[in-house]
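As structure tokens, the structure follows; a few thoughts come after it.
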Amino acid sequence: MSDLVRVSDLRKLFPVRTGLFSRSKRKYIYAVDEVSFSIHEGEIFCLVGESGSGKTTTGRLLLRLERPTSGEILFEGKNIYSLDKKELKEFRRRAQMIFQDPFSSLDPRMSVFDNICEGLIIHKIGSGREERFNIVSKALESVGLYPPENFLFKYPHELSGGQLQRIAIVSALVLGPKFIVADEPVSMLDMSTRGSVVKTMLDLRRNMNVTFLLITHDLGLVKYIGDRVAVMYLGKIVEKGPAEDLIDAPYHPYSQALISAVPSPDPNKKIGEVRVKGDITMSLEVAKGCRFAPRCTLANDKCREEEPELIELSCGHYVACHEARAGN
Amino acid sequence: MSAAPLLKVNNLKMYYSVEGGWVKAVDGLFLDIYRNECVGIVGESGCGKSSLALTIIRVLPSNSKIFSGEILFEGENMLELSEEDFRKRIRWKKISIVFQGAMNSLNPVITIGDQIVETILAHENMSKKEAWERAENLLRLVGIDPKRAKSYPFEFSGGMKQRAMIAMALALNPSLLIADEMTTALDVIIQAQIINLVAELKRGLNLSSIIISHDIPLVFSSSDRIFIMYAGKIVEHGSTEEIYYSPMHPYTFLLLDSVPDIRGKRRTLGFIEGAPPNLLDPPTGCRFHPRCPFTIDICRKEEPEMSTVSFSHHVACHRIEEITLS
């Protein structure tokens, strides 16, 4: 498998407003800090972490919705920050995003058809209303909204969350994308309809070889549909590896805490004791050592002094922790 | 389970008046909770779970109306009490509630400690000093250092604020705590800490609780019994084991099939096609029939009665004898 997206040493700092007359040096939040990973063609790569871990910022950087402070993002081998105008428009078509809230990502005053058609018009796909009508109808059918005539001329408020999210996916998929960043695509939806959106994503991958970056805090979902996963903490990747592998046997103390905190519906599998102190806190300065050390129960002097590197502990499974050992 | 339930809801009907008729948010609902028990209520958004909570604690909006039923708390019908009586004797003293995003209802310009003291003094006859001591004990109970009582809400993180709200809800030693999407806005680690806290409180204080959430793993992992709610009604209830391992109602079965289990095996996630019905005009017969794969004629015409599967397990479906769910 070849790499569709390659990210190296990506960094994004957001300046923090200090007092008007403050003489102190300008401070920054390290939203994403020296993150590197690659996404293979046709895979579902997941980014997980608590709120504030930098996972959404990473997703936005990958679609060129933000400019990185430093680092490089290659899409099909080309740096997305040095594309010319024509290449950029092509990139915009091939790399799409699905947002968390389908109620606000679709225009409430346009019908489903007009919402989806907007992208077709911008990218000059299909000529004339009739041809576009056929493209949209087919796409609606392909995501299980059948018969399409029942949906085409409805307005967003007439549809349920699961249906709207699938329509949001349709408006991305009619453009023939190669890569979709899905930022919490199901977390606003009822459990009972999440499966329909998940199925749509899996079908797209199977039939059109679409690659996904799935950003989520729902680790259960990652275990069910993810191929590989990276766990982020305060802007850093602390662990990455094959999804099932990592969730069943995490190495990093933070991943362990995160995973043990997720409840299981099976009444015989209770939540374990969560071995972690305090809350995630944004730090304005780069602290020395491991960023998780202040909350880690295993932290020692070395952790507070020296920043751990990502090392491969088992096949394809990397972890950045001084205390992690294989078979732990 | 001890003899008489702590809270018993019988045939409760609570509708909202809107343009075009009545929204039947709670429609002939039955529920019981025993002492020292944690009961979970599960359902999709818009099925009436929160309306039920609001009806029990009596903080309903002005366009609502209770049409029938009784809410028996320790044997006394709450619906017959005057507002004054209910406020003085029951709300916060016997039954209290923590909402989703309750942390945002803290007053930003008063310290956490003062807010708890204010609650205590509004209901109980004690000196300010005694109330402060009680407030500090409560904070300790929910895992906050009592020294932080003098902090303002903005100095607390989301999880700590939600803990402070729980401390406030427990300030008057209630016997029933209603947790309506209590941890929905919080990260999983904080959520787990709060769930473990509520479980400890149940053991330590003999507290009963009602956990209301759309997050099925969360409710199942922390409740003794589960009530499955659909379109204003309970369609199935039983012990958590019974509901999880042998669901009888097609809705329960399909709902559980749509939930990923992080400690289970990887499989295809199921889903339920369509959306919950509009409660302004709910379907005839069984309310789940338009989305149910097992619908036959009788389901469209007649409403199913609650039938008994075991001592604790009950289900309302016409076809439990004929269909096998697996």
Side-chain angles (χ1 to χ4, degrees), chain A residues 48-53 144-146 159-163 186 188-200 202 217-226 243-244 247-248 254 257-281 295, chain B residues 42-47 156-160 183 185-193 195-196 199 213-224 226 230 239-245 251 254-276 291:
Chain A
V48 300
E50 284 172 284
S51 28
S53 61
L145 296 173
Y146 195 85
L159 300 167
S160 75
Q163 290 168 336
V186 298
M188 290 275 292
L189 308 178
D190 265 313
M191 288 271 179
S192 59
T193 50
R194 287 181 184 185
S196 65
V197 174
V198 167
K199 181 173 182 291
T200 304
L202 292 172
H217 64 270
D218 184 346
L219 290 149
L221 183 67
V222 170
K223 173 157 181 188
Y224 276 43
I225 69 166
E244 267 190 284
I247 284 175
D248 288 341
Y254 175 65
L258 201 61
I259 289 162
S260 68
V262 178
S264 156
D266 188 334
N268 287 326
K269 298 173 189 157
K270 297 274 179 201
I271 313 178
E273 192 200 345
V274 181
R275 278 173 298 171
V276 57
K277 301 179 281 191
D279 278 354
I280 193 165
T281 39
R295 295 176 72 191
Chain B
V42 167
E44 286 166 278
S45 40
C47 75
F156 274 29
S157 68
M160 282 169 83
T183 59
L186 303 172
D187 275 317
V188 288
I189 291 181
I190 315 292
Q191 167 177 292
Q193 288 166 345
I195 289 303
N196 287 340
S213 180
H214 71 284
D215 185 341
I216 292 161
L218 176 73
V219 178
F220 274 67
S221 68
S222 48
S223 307
D224 304 312
I226 301 283
Y230 187 76
S239 74
T240 310
E241 281 80 12
E242 286 167 327
I243 300 288
Y244 183 77
Y245 292 112
Y251 178 62
L254 293 171
L255 198 60
L256 286 171
D257 191 43
S258 69
V259 178
D261 176 4
I262 192 166
R263 288 179 253 294
K265 285 212 169 63
R266 195 169 177 152
R267 61 172 170 84
T268 311
L269 279 184
F271 59 92
I272 309 176
E273 199 47 84
R291 299 169 79 188

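Being a predicted model, the structure only gives us computed values, none of them experimental.
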Which answer fits B:Glu44, side chain, backbone, both or neither, if we ask what part of it has an atom under 4.5 Å from a heavy atom of chain A? both

Heavy-atom nearest pair, B:Arg263 first then A:Ser260, reads NH2-O, 4.0 Å

In this structure, CD1 of B:Ile189 is separated from CZ of A:Arg295 (nearest 0.5 Å) by 5.0 Å

Between A:Lys269 and B:Asp261 (salt bridge meaning N to carboxylate O under 4.0 Å), is one present in this structure? yes

Between A:Ile259 and chain B, with a heavy-atom cut-off of 4.5 Å, which part of the residue counts as in contact: side chain, backbone, both or neither? both

With only heavy atoms counted, which part of B:Ile195 is less than 4.5 Å from chain A, the side chain, the backbone, both or neither? side chain

For the student: nearest non-hydrogen atoms of A:Ser192 and B:Arg291, plus distance: OG-NH2, 4.2 Å

Specify which of B:Pro260, B:Gly264, B:Ala192, B:Pro276 makes the most heavy-atom pairs with chain A at under 4.5 Å. B:Pro260

If one checks every heavy atom of B:Leu254 against chain A at 4.5 Å, the contacting part turns out to be neither

Choice from A:Gly161, A:Gly195, A:Ala257 maximising heavy atom contacts with chain B below 4.5 Å: A:Gly195

Check each atom of A:Val198 against the heavy atoms of chain B and say whether the ones under 4.5 Å are side chain, backbone, both or neither. side chain

Of the backbone (N, CA, C, O) and the side chain (C-beta and beyond), which part of B:Asp215 lies under 4.5 Å from a heavy atom of chain A, both, or neither? both

Over all heavy atoms of both residues, which pair between B:Ser258 and A:Met191 is shortest? Give the atoms and the distance, please. OG-O, 3.3 Å

Highest number of heavy-atom pairs under 4.5 Å with chain B: which of A:Pro265, A:Gly220, A:Ser160? A:Pro265

Please lay out, stage by stage, how A:Val262 and B:Gln191 fare under the test side-chain contact (heavy atoms from CB on, under 4.5 Å). CA-CA 9 Å; A:Val262 178; B:Gln191 167 177 292; over 6 Å; no

One pair to check against side-chain contact (heavy atoms from CB on, under 4.5 Å): B:Phe220 and A:Asp266. What are the steps and the verdict? CA-CA 7 Å; B:Phe220 274 67; A:Asp266 188 334; over 6 Å; no

Which residues pass the side chain to side chain donor-acceptor pair (under 3.5 Å) test with B:Asp224, not counting sequence neighbours? B:Lys202

Is A:Lys199 reaching over with its side chain to a backbone N or O of B:Leu269, donor-acceptor style, under 3.5 angstrom? no

Contact summary for A:Asn268 and B:Glu241, nearest pair of heavy atoms: OD1-OE2, 4.3 Å

Using the side-chain contact (heavy atoms from CB on, under 4.5 Å) rule, take B:Phe271 and A:Leu189 through it: C-alpha gap first, then chi angles, then the decisive distance, then the call. CA-CA 12 Å; B:Phe271 59 92; A:Leu189 308 178; over 6 Å; no

With sequence neighbours excluded, what pairs up with B:Tyr230 under the ring-ring contact (aromatic ring centres under 6.0 Å, His included) test? B:Tyr251, B:Phe288

Proximal component of A:Ile247, with respect to chain B [non-hydrogen, under 4.5 Å]: side chain

Looking at A:Ser51, is its backbone amide N or carbonyl O close enough to the side chain of B:Asp187 to form a donor-acceptor pair, meaning the two atoms are under 3.5 Å apart? yes

One pair to check against side-chain contact (heavy atoms from CB on, under 4.5 Å): B:Ile272 and A:Thr193. What are the steps and the verdict? CA-CA 6 Å; B:Ile272 309 176; A:Thr193 50; over 6 Å; no

In Å and rounded to the nearest 0.5 Å, what is the CD1 to OG1 distance from A:Ile225 to B:Thr268? 11.5 Å

Is it the case that the side chain of A:Arg194 and the backbone of B:Val259 share a donor-acceptor pair, with hydrogens and angles ignored and the cut-off at 3.5 Å? no

